[in-house]
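Since the model is a prediction, treat every value here as computed from it, not as a measurement. Within every chain, numbering begins at 1; the chains are lettered A, B, ... in the order of the sequence lines, protein sequences first and strands thereafter.
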There are 2 protein chains.
Amino acid sequence: MAYTKQLSPSEIVKVAMEMVEREDTEGISLRAVASALGVKAPSLYRYFSTKNALEMAVAEGVLRSMYTELVCAGAQPDPETRFKEMAVAYLRFARTRYALYSFLMQGRLHGAYGSQAGKEVWNLLLESASQISGRPDDTSAAVATWSFLHGYATLEHAGGFGKSGPHGGLELGLRAFLDGFANRQSDNAKL
Amino acid sequence: MAYTKQLSPSEIVKVAMEMVEREDTEGISLRAVASALGVKAPSLYRYFSTKNALEMAVAEGVLRSMYTELVCAGAQPDPETRFKEMAVAYLRFARTRYALYSFLMQGRLHGAYGSQAGKEVWNLLLESASQISGRPDDTSAAVATWSFLHGYATLEHAGGFGKSGPHGGLELGLRAFLDGFANRQSDNAKL
DNA sequence: GTCTATATGCGGATAGAC
DNA sequence: GTCTATCCGCATATAGAC
């Protein structure tokens with residue numbers, strides 16, 4: 001009874017996620033994932049027909065992890081507290097697991113967009129921003145918030161804020177959004 | 001008199017930038033750059049001792065291009081108009097030359113940070129944001145603005161806004177910043 | 001279900017000839 | 001100053017044995 005290791009898709013994804021996080025690399029190598037599983041690369045093709053299929057599964061796994069943390073942070077009765085806590089949780093995820101976060105964002109977003117986890121994360125953000133503005137399904141506010149948080153996380157990691165540091169830019173931006181979402185005049189104020 | 005092609009660092013950087021833009025790739029291949037120059041890969045080592053050295057030079061070139069466009073857009077007397085025009089110009093650069101923009105932002109920022117071009121771009125942003133808030137050297141405002149613009153550009157390209165589109169999120173965010181930078185209470189309002 | 005062996009391709013970098 | 005030739009490493013993916 002040789003060759004009876006018995007892998008599973010979820011086990012492969014789990015190990016792949018751990019590897020991305022540990023190696024701090026954006027790219028996955030089938031050889032490396034297989035090796036971490038105590039197996040050779042060709043074996044993975046029984047479970048994922050291409051490398052891209054595995055990557056998509058990993059991206060969805062990252063979204064599920066993110067969802068879990070955001071839900072916990074969002075368990076707050078006060079809308080403003082909820083908004084701030086979710087923002088902090090988003091940045092904490094990006095900071096502490098940046099390799100996974102980056103893996104998801106650098107090109108894998110579009111593919112993971114249709115997934116259940118993707119919609120759930122988006123809905124969390126949308127609901128929280130809508131609570132602030134008082135408008136149902138406030139896509140504008142959610143888009144602005146997400147852009148700000150994603151940009152901040154990315155620049156912070158890239159060292160874009162330099163020696164001076166962010167200098168309260170995060171708090172200032174969130175404060176401006178909290179005030180600006182509720183008190184805006186018209187929906188489509190053009191530039 | 002064979003082998004007398006005579007390259008130059010600036011010529012190599014120029015061709016490398018064109019290649020990144022044309023091929024829409026984040027990575028540079030020395031072979032490909034050399035080929036585009038009508039030369040073989042080892043020749044490049046006369047001008048750049050490593051691949052990384054060339055990449056840094058390219059990143060600086062991208063920053064110079066960006067600076068040029070931002071300066072033009074910022075030639076506006078009214079502070080608010082200037083702020084908006086520079087924001088639009090920033091996004092236009094990221095959109096129309098995304099491969100170059102991405103090349104700069106994905107890990108090359110820290111290296112290009114000390115360059116002259118890097119400081120000049122940052123100062124443009126800093127001055128414009130400071131004009132809005134009325135505070136000299138308003139790092140907080142510049143950090144918030146840059147984060148928002150960078151995040152928006154990245155998510156837009158990645159298809160993160162999905163089928164619904166940004167839905168005015170850009171305008172809403174900029175409006176919130178324009179209002180929020182000037183009318184804030186204290187400098188270090190913590191979350 | 002996993003293996004070995006292999007096809008095929010990419011990449012950076014160096015030594016030494018011209 | 002550029003070349004050829006080469007070393008060395010990485011990768012995805014497939015065929016067919018066990």
- prompt: Can you pull the contact range of chain A along DNA chain C, 5' to 3', using atoms under 4.0 angstrom from its heavy atoms?
  reply: dG1(C) to dA5(C)
query: If we ignore angles and hydrogens, is there a donor and acceptor under 3.5 Å between the side chains of Trp146(B) and Tyr90(B)?
result: yes
Minimum-distance pair of heavy atoms, taken over all atoms of Ile28(A) and Ala16(A): CD1-CB, 4.1 Å
Side chain proximity check, Phe161(B) to Ser147(A), heavy atoms < 4.5 angstrom: yes
Close residues, residues 15-24 of chain A, relative to DNA chain D [heavy-atom separation under 4.0 Å]: none
message: Please tell me whether Gln106(B) and Gln106(A) have a donor and an acceptor in their side chains that are separated by less than 3.5 angstrom.
response: yes
Contact list (N/O, under 3.5 angstrom) for nucleotides 6-8 of chain D vs protein:
none

message: So Leu124(B) and Arg82(B), do their side chains get closer than 4.5 Å, heavy atoms only?
response: yes
query: Is the distance between the ring centroids of Tyr101(A) and His150(A) less than 6.0 Å?
result: yes
- request: Give me the residues of residues 37-53 of chain A where at least one heavy atom lies under 4.0 Å from an atom of DNA chain C, by number, or none.
  value: Val39(A), Lys40(A), Pro42(A), Ser43(A), Arg46(A), Tyr47(A)
field: Glu85(A)/Arg92(A) salt bridge by N-O under 4.0 Å criterion
entry: no
- request: Mark yes or no for whether Arg184(A), through its side chain, and Phe181(A), through its backbone, hold a donor-acceptor pair below 3.5 Å.
  value: yes
query: Taking only residues two or more places apart in sequence or in another chain, which ones pass side-chain hydrogen bond (donor to acceptor under 3.5 Å, both in side chains) with Glu120(B)?
result: Gln116(B)
- prompt: Is the shortest heavy-atom distance from the side chain of Tyr98(A) to the side chain of Thr154(A) under 4.5 Å?
  reply: yes
query: Looking for any heavy atom pair under 4.0 Å, which part of the strands does Ile28(A) touch: base, sugar-phosphate only, or nothing?
result: sugar-phosphate
message: Can you pull out the residues from residues 6-13 of chain A that lie within a 4.0 Å heavy-atom distance of DNA chain C?
response: Gln6(A), Leu7(A)
- prompt: Quick one: are Leu54(A) and Tyr47(A) in side-chain contact, heavy atoms under 4.5 Å?
  reply: no
- prompt: Is the closest basic N to carboxylate O distance between Glu80(B) and Lys84(B) below 4.0 Å?
  reply: yes
message: Please say yes or no: joined through hydrophobic side-chain contacts below 4.5 Å, possibly via intermediate residues, are Met56(A) and Leu100(A) part of one cluster?
response: no
- prompt: What distance do Leu7(B) atom CG and Arg46(B) atom CZ have between them, rounded to the nearest 0.5 Å?
  reply: 11.5 Å
message: In the structure I gave you, are the side-chain heavy atoms of Glu171(A) and Ser140(B) within less than 4.5 Å of one another anywhere?
response: no
